[in-house]
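Step one of this worksheet: look at the structure below.
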Amino acid sequence: MKKYLLLFIIAVFAMSCSKKVEVKGKVTGGSPLERIELIEASGVATLPLMNISVNKDGTFAGNFEAPKNGMYMISYGGKRNLVYLKGGQTLEISGNGMTFPTEYIITGDAKKNNDFFTATQKYLSTYAQTVNMNELLMKDEKTFLKGIEKVQSDINKNIEENVKKFNPDKEIITWKKNDLAATLLMILNQYEMSHKQMGNPSFKVTKTFTDFVNKLEENKDVMVKEHPLYREYLLAKMSPDFQKYAQANSVGKTDITTSELFNEYLKKNQKNLSQTAKDYLLAFVMAQSDIHPTTPEKTVEKIKKIIDEDIKDATIKNDLKKIQFAINGFKVGEPAPEASLIKQDDKSYSLSENKGKPYMIAFYASWNPYIGEATVPVLKEVVNFYKSKMNFVFVNVDDTKEQFVKTSNSLLKGITGVNVYGKGGLNSDIAKKYGVYGFKLPCFIVVDKDGKIASKPFFNLGDPELVTVLDKQTGLSAPKVDPRVQLQPGMGVDPSAMQPAPEQPANPQPAPTK
């Protein structure tokens, strides 16, 4: 009996410590080409944790390892919303394809917290229509503060009413109140800045105003970790001062980056700011300013150095390294890693089979809606021109081998190259080793004849830089291609697109220096 009791206790403990979140549900009237993604909402430039397909009948199922209990961004069909999740839970979520996930229904053990969250959000959208914020911002300080205090009181009253109604966990109640504080801080800063810009640069707020700000920032150590909106507030607040610093310290430095300047600024001018806050703010600026597909290799190395030497928080450091690798890829000259790949006949395939001849790896999936109409026609031209001097490996990252066979036979028929599959799709060995995510498909990487990386990831076959790399590896000289030819019209491989959108319009980021 004791033995079984012990096993039961161990099982319960294991469940309580589990970080895995099971996701399942149904989207009525949705498209099978659309994917559902989940992203941790409080991080900086975090990558998707889950990318799953929707079946023909609208059902879907998957799971992911939740790095923490808290808010997660769920996306589908170009729309996004927040859900509150805890490790070990099952998220049972459903909705209509026209509105999901802007509108959703949650059942199961994630229900009460998300019902609370949805109710408070619905109240906010209605309440916002009753407040003329533009008019309030023009008032004198006393009238403005009175108006903001009423807003705070009304929303807090609604929060408490919904606490009684839904009995949510303490953590999400705290999150909601801190979210309100961050929103009010943004408005307070907007008031102060707008009055300085209305012909009175020496305008200063009173002690009453400052005391109210300090009261809202009582939980700033938690807010900076959990609320991107609070970080945006901090950036907005220091933006004018940073601009002056940047202008004074960038003279004659033609290759200095925004990240370098902001890093210096934090060290010299923000000594009272906590290291955690500095890490989050610096990471935000790096992701926005200097981690993107067109970042020069020299800048990539500069950013790596800042991440290694100046970011102290291990989680932020790790997230930045992951996003930089996903966007900028391997360092040119590194050995191209082997990975588990199979052909249609289930025979294994090794990338090293190409050794002695340069090759290009093309990652793709059937659910990329533009691959047939925009990618394949250009790919045919590229392959036909270079195939005498280099090989082509088309790596499919669909969810199943059956879909790989169907897609490769239909889309790539007649195109010279090797068709292979990464078992597990976006969770495959090759996807992980090469930093392949749904947002960067299709993408192309060139490897030289010695099996070493010869290029960063490219997302546009019309990119002149890609043509230059291909010419160099083959000794051929391709005709000029219109650089506007896009693989996926409207595609954005921007780290900011992976971050949760703020609930209030804001422009807090220090602008890059010219």
Side-chain angles (χ1 to χ4, degrees), residues 255 257 287-303 323-334 336 354 358-365 368-395 397 411-412 415-417 431 434-449 452-498 512:
D255 65 341
T257 66
Q288 293 287 322
S289 302
D290 294 313
I291 301 179
H292 47 77
T294 58
T295 303
E297 189 170 341
K298 185 177 180 181
T299 300
V300 171
E301 293 306 311
K302 285 183 177 182
I303 299 306
I323 189 66
Q324 190 183 41
F325 176 65
I327 299 298
N328 301 126
F330 298 100
K331 185 177 181 179
V332 172
E334 289 184 45
N354 294 281
Y359 62 100
M360 183 169 78
I361 308 173
F363 292 96
Y364 74 100
N368 175 257
Y370 302 103
I371 187 169
E373 63 186 67
T375 305
V376 173
V378 184
L379 183 61
K380 284 181 180 178
E381 297 298 322
V382 172
V383 172
N384 286 338
F385 184 82
Y386 290 106
K387 65 182 180 181
S388 64
K389 298 292 184 180
M390 75 182 307
N391 294 333
F392 292 86
V393 182
F394 308 118
V395 180
V397 287
L411 285 179
L412 302 178
I415 302 179
T416 302
Y434 282 78
V436 177
Y437 293 87
F439 71 89
K440 59 183 286 189
L441 288 176
C443 72
F444 304 86
I445 299 172
V446 181
V447 181
D448 69 18
K449 63 182 180 62
K452 295 181 178 179
I453 298 294
S455 79
K456 65 182 183 182
F458 285 97
F459 312 99
N460 179 2
L461 282 172
D463 192 319
E465 191 178 344
L466 172 57
V467 176
T468 299
V469 173
L470 294 174
D471 284 356
K472 180 181 178 181
Q473 293 300 317
T474 61
L476 301 176
S477 182
K480 299 301 178 185
V481 181
D482 187 346
R484 294 171 296 176
V485 175
Q486 295 292 321
L487 289 176
Q488 180 179 329
M491 177 182 179
V493 192
D494 180 354
S496 65
M498 288 172 284

Closest approach of [X] to [Y] (non-hydrogen atoms, all atoms of both residues):
X: T375; Y: P442; value: OG1-CG, 3.8 Å
X: L470; Y: M390; value: CD2-SD, 3.7 Å
X: V376; Y: L411; value: CG1-O, 3.5 Å
X: N328; Y: P457; value: O-CD, 3.3 Å
X: P377; Y: G372; value: CD-O, 3.5 Å

Please check if the side chain of [X] supplies one atom and the backbone of [Y] the other of a donor-acceptor pair under 3.5 Å.
X: D463; Y: F458; result: no
X: T295; Y: H292; result: yes
X: Q473; Y: Y359; result: no
X: E381; Y: V378; result: no

Residues passing the ring pair (Phe, Tyr, Trp, His ring centres under 6.0 Å) test with F330, sequence neighbours excluded, are F325, Y434
Applying ring pair (Phe, Tyr, Trp, His ring centres under 6.0 Å) to Y364 and not counting sequence neighbours gives none
Measuring from atom [atom1] of [X] to atom [atom2] of [Y], what distance do you get when rounded to the nearest 0.5 angstrom?
X: T416; Y: F392; atom1: OG1; atom2: CZ; result: 9.0 Å
X: N460; Y: L466; atom1: CG; atom2: CG; result: 8.5 Å
X: N368; Y: F439; atom1: CG; atom2: CZ; result: 13.5 Å

Under the side-chain contact (heavy atoms from CB on, under 4.5 Å) test, residues paired with [X] that sit two or more places apart:
X: A365; result: W367, V397, D398, L441
X: T468; result: none
X: K452; result: D448
X: K472; result: none

The side chain to side chain donor-acceptor pair (under 3.5 Å) partners of Y386 (sequence neighbours excluded) come to D471
Sorted by chain and number, sequence neighbours left out, side chain to side chain donor-acceptor pair (under 3.5 Å) with S455 holds for none
Open item on the list: For a side-chain contact (heavy atoms from CB on, under 4.5 Å) check, start with the C-alpha distance between M360 and V393, then their side-chain angles and the critical distance, and finish with the verdict.
Closed with: CA-CA 6 Å; M360 183 169 78; V393 182; over 6 Å; no
For E465, the salt bridge (charged side-chain N to carboxylate O under 4.0 Å, His left out) test, sequence neighbours excluded, returns K456
Residues 290-303 vs salt bridge (charged side-chain N to carboxylate O under 4.0 Å, His left out), sequence neighbours excluded, gives D255-K298, D255-K302, E260-K302, E301-K304
Go through the steps to decide whether N354 and V447 satisfy the test side-chain contact (heavy atoms from CB on, under 4.5 Å), and finish with yes or no.
-> CA-CA 9 Å; N354 294 281; V447 181; over 6 Å; no
Margin query: For L379 and F394: C-alpha separation, side-chain torsions, deciding distance, then whether side-chain contact (heavy atoms from CB on, under 4.5 Å) applies.
Written below: CA-CA 11 Å; L379 183 61; F394 308 118; 3.8 Å; yes
**Prompt:** Quick one: are F363 and C443 in side-chain contact, heavy atoms under 4.5 Å?
**Reply:** yes
Do P293 and I327 touch side chain to side chain, with heavy atoms closer than 4.5 Å? yes
